[in-house]
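First comes the structure, then the notes that go with it.
All values below come from the heavy atoms of this structure, side chains included, with hydrogens, waters and symmetry mates left out. Labels below follow one simple rule: chain letters A, B, ... track the order of the sequence lines, proteins then strands, and each chain is numbered from 1.
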Amino acid sequence: MAVKLTLPDGKALELADGATGADAAAAIGPGLARAALAIEVSHPQAGGEPEVRDLARALPDGAHVSILTAKSGERALELIRHDAAHVLAAAVLELYDGVKISIGPPIADGFYYDFEFPSGTVLSDADLPRIEERMRAHVEAAELFERRDVPVAEARERFVKERQDYKVELIDDLVSAADSATPLETVSLYTNGPFTDLCRGPHAPSTKTVGAFKLNSIAGAYWRGDSNRTMLTRIYGTAFFSKADLSEHLERIELAKARDHRKLGRELGLFTFSDVSPGAAFWLPAGTSVWNALVRLSRQMGHERGYSEVKTPQIYDAELWKTSGHWGKYRENMFTVNVEDREMGVKPMNCPGHAHLFSTRRHSYRELPVRYFEPGLLHRNEPSGVLHGLLRVRHFAQDDAHIFCTEDQVQQEVRGCLEMAFDTYALFDLDVRLELSTRPEQRVGTDEMWDRAEEKLTRSLQELGLSYELNPGDGAFYGPKIDMHMTDSLGRSWQLGTVQLDYSMPERFQLSYTGADNQEHRPVMIHRALFGSYERFIGVMIEHYAGELPLWLAPVQAIVLPVSDRFNGYGASVADSLRGEDTRVELDDRSESIGRKIREAELRKIPYMLVVGEREEGEHAVAVRERHGGDLGSLPVEKFAERLLGELYSATLKPRKSSERHA
RNA sequence: GCCGGAGUAGCUCAGCUGGUAGAGCACCUGUCUUGUAAACAGGAGGUCAGGGGUUCGAGACCCCUCUCCGGCUCCA
């Protein structure tokens with residue numbers, strides 16, 4: 001018998017029965033045999049995901065295979081990072097007595113391993129070099145990764161004996177998760193040097209392919225991500241094939257830190273934080289200008305799409321929050337206040353206020369959909385540990401809207417929200433990741449209602465040709481939602497926009513409209529925010545643009561720089577003539593050298609610097625310098641004004657259509 | 001909220017094993033009148049996050065609180 005394989009180039013390869021991945025690599029060529037780390041196996045006919053396996057395992061007949069080497073990109077990095085996690089565990093077990101190991105997977109950009117240290121042992125960053133050193137010894141020893149499939153009972157006994165409780169729990173869970181028709185008989189153990197771990201694999205042949213690694217940080221992490229369970233000590237690290245790749249990665253991270261919105265926000269004078277109000281930004285004039293530009297955009301786009309702006313109170317009687325359900329589900333996150341013995345809650349969301357507003361008068365089906373927009377200020381009492389610059393605050397404003405419509409209008413309205421979202425994001429050259437979150441365990445409404453709602457969201461996404469991830473069970477208790485995510489400079493993901501279908505709030509607030517049949521009907525509510533919160537959005541935008549905000553958002557769009565005091569008068573007249581409703585122009589009339597004025601304008605990341613001196617005054621012109629030192633030469637003041645307004649117009653008034661970007 | 005780390009002038013940071021708090025930039029004053037990324041000189045600025053303790057003596061050591069940073073959980 002023989003094993004027939006298909007290689008990536010379509011060629012067939014026939015090997016003896018029982019041939020391994022290593023045999024396959026050797027059959028293709030000696031160079032590949034040396035470089036091979038693992039083998040990817042798939043059965044296109046049978047379907048299913050390709051699986052990366054150890055080279056030492058026998059190959060199945062009929063498989064398509066592809067040898068993984070150091071050049072195989074992310075898949076190969078994932079492999080050695082997983083290897084590195086095992087080496088880390090080996091080192092920690094040697095250095096510290098009584099450590100319990102849990103899990104250690106590869107992650108984006110690195111790996112981690114979670115440990116429980118005996119009580120009294122506290123690990124800090126200072127301990128990392130010592131651990132790295134021990135790891136290095138194991139890597140240099142080129143210890144082999146050996147896989148053994150052992151009976152469940154044997155593996156369990158082994159870990160019980162070693163007092164590795166977490167491993168025992170993992171085995172027990174694997175057993176109970178297994179199909180009763182095909183019970184789990186064996187689990188795989190991997191041994192590298194002195195260390196044996198319960199692990200599915202795969203691993204490279206030996207530890208030596210971990211060419212360069214570094215332990216980055218220590219953090220707490222709950223066992224199984226459950227805040228009711230033990231907090232373990234997590235050690236984060238990263239690994240690459242070469243030292244050069246590692247240092248390139250570390251440099252990239254350093255560069256990313258320069259984009260941090262907290263740093264740039266301070267440097268650019270946009271906002272600041274203070275101990276007197278944790279989780280709340282103090283907006284300086286420049287930051288307020290950015291803020292206002294965004295609110296203006298929200299208003300303009302909403303106006304064009306049939307939204308009406310409303311204003312609702314900050315503080316409501318507890319009764320309203322009981323009606324909305326927040327008192328029961330969201331109270332720990334709310335600030336409450338006592339007003340003459342009356343318990344009141346500061347609003348963490350606008351929806352109850354909008355629902356109440358809708359209920360204060362009668363509505364005909366003819367006026368639906370009603371679209372209320374409110375850039376409303378919200379307060380949420382977020383746990384102290386989660387506050388994070390502008391990205392997670394206690395005091396913020398959402399570009400929030402609630403649409404009240406008939407069941408028949410839902411689909412079209414959801415679609416409208418998504419189109420508006422992508423028209424908005426297109427203005428910022430943003431790529432967002434979409435998630436569809438479906439019914440959670442705890443929910444209100446019938447299954448039929450959820451079927452309908454989820455189908456409507458799904459169809460809207462499909463009609464627009466948008467790709468999305470499914471996030472089952474993560475919907476709001478009142479309805480499914482589509483969330484729009486973006487990442488910050490260090491790759492952390494933040495939710496910006498959201499579109500949520502809600503059948504519950506209309507019920508709770510007894511909302512109704514009069515239909516064509518003269519009967520009262522329940523409207524459907526759609527919650528939607530596109531920026532999410534202005535705070536978070538501005539934070540993400542600062543990082544997205546590395547502080548170099550586009551012209552229309554820049555707090556100061558152009559600064560006039562007279563070369564000496566003698567031209568301050570002319571400079572002032574230029575600045576005055578350029579300043580308008582949509583233009584923000586400043587004059588630097590300090591008695592400073594032109595070099596300094598330019599340097600400071602560059603540091604403030606002002607898009608245009610207009611140098612004026614004798615020549616310019618004579619010609620009624622400005623010498624235009626673009627951010628980053630681009631000298632555009634001299635332009636008559638009127639020409640420059642045209643250019644400025646032209647750019648502003650094209651940036652915000654003619655957004656690219658979502659279909660052009662996301663077809 | 002939980003785990004770990006940190007907090008010195010507006011900002012970036014020195015300050016050794018405890019012995020009277022420093023620099024650069026920014027700020028103020030004066031001089032300079034500047035042509036595309038830093039003119040020169042002088043001055044002012046700190047209950048060393050806050051509180052308690054150890055000590056003859058604490059920015060340094062110990063405890064508590066607050067805030068921030070990195071994670072976890074949670075979230076726009």
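- In the interface, the side chain of A:Y222 is not paired with the base of B:G71 through any donor and acceptor atom under 3.5 Å apart.
- Of the residues in residues 556-567 of chain A, those placing a heavy atom less than 4.0 Å from an atom of RNA chain B are A:V563, A:S564, A:D565, A:R566, in numerical order.
- A heavy atom closer than 4.0 Å to some atom of RNA chain B occurs in no member of residues 96-120 of chain A.
- With hydrogens and angles left out, the side chain of A:R536 and the base of B:C75 share a donor-acceptor pair within 3.5 Å.
- For B:G1, the base has no donor-acceptor partner in the side chain of A:E382 [N/O atoms by modelled type, under 3.5 angstrom].
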Distances for protein N/O vs nucleotides 5-11 of chain B N/O pairs under 3.5 angstrom?
none

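- Across all their heavy atoms, A:F422 and A:L434 have their closest contact at CZ-CD1, 3.8 Å.
- Shown for residues 618-636 of chain A: residues whose heavy atoms fall under 4.0 angstrom of RNA chain B, namely A:A623, A:R625.
- Taking side-chain N and O atoms only, A:R229 has no distance below 4.0 Å to OP1 or OP2 of B:U73.
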Atom pairs under 3.5 Å, N or O on each side, protein against nucleotides 39-46 of chain B: can you list them with distances?
from, atom 1, to, atom 2, distance (Å)
B:A39, OP1, A:S593, OG, 3.4
B:A39, OP1, A:R596, NE, 3.4
B:A39, OP2, A:S593, OG, 2.6

Secondary structure string for RNA chain B (Watson-Crick or G-U under 3.5 angstrom, | for other-strand pairs): (((((((..((((.....[..)))).(((((.......))))).....(((((..]....))))))))))))....
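- Residues A:H82 and A:F111 place their aromatic rings such that the two centres sit no closer than 6.0 Å.
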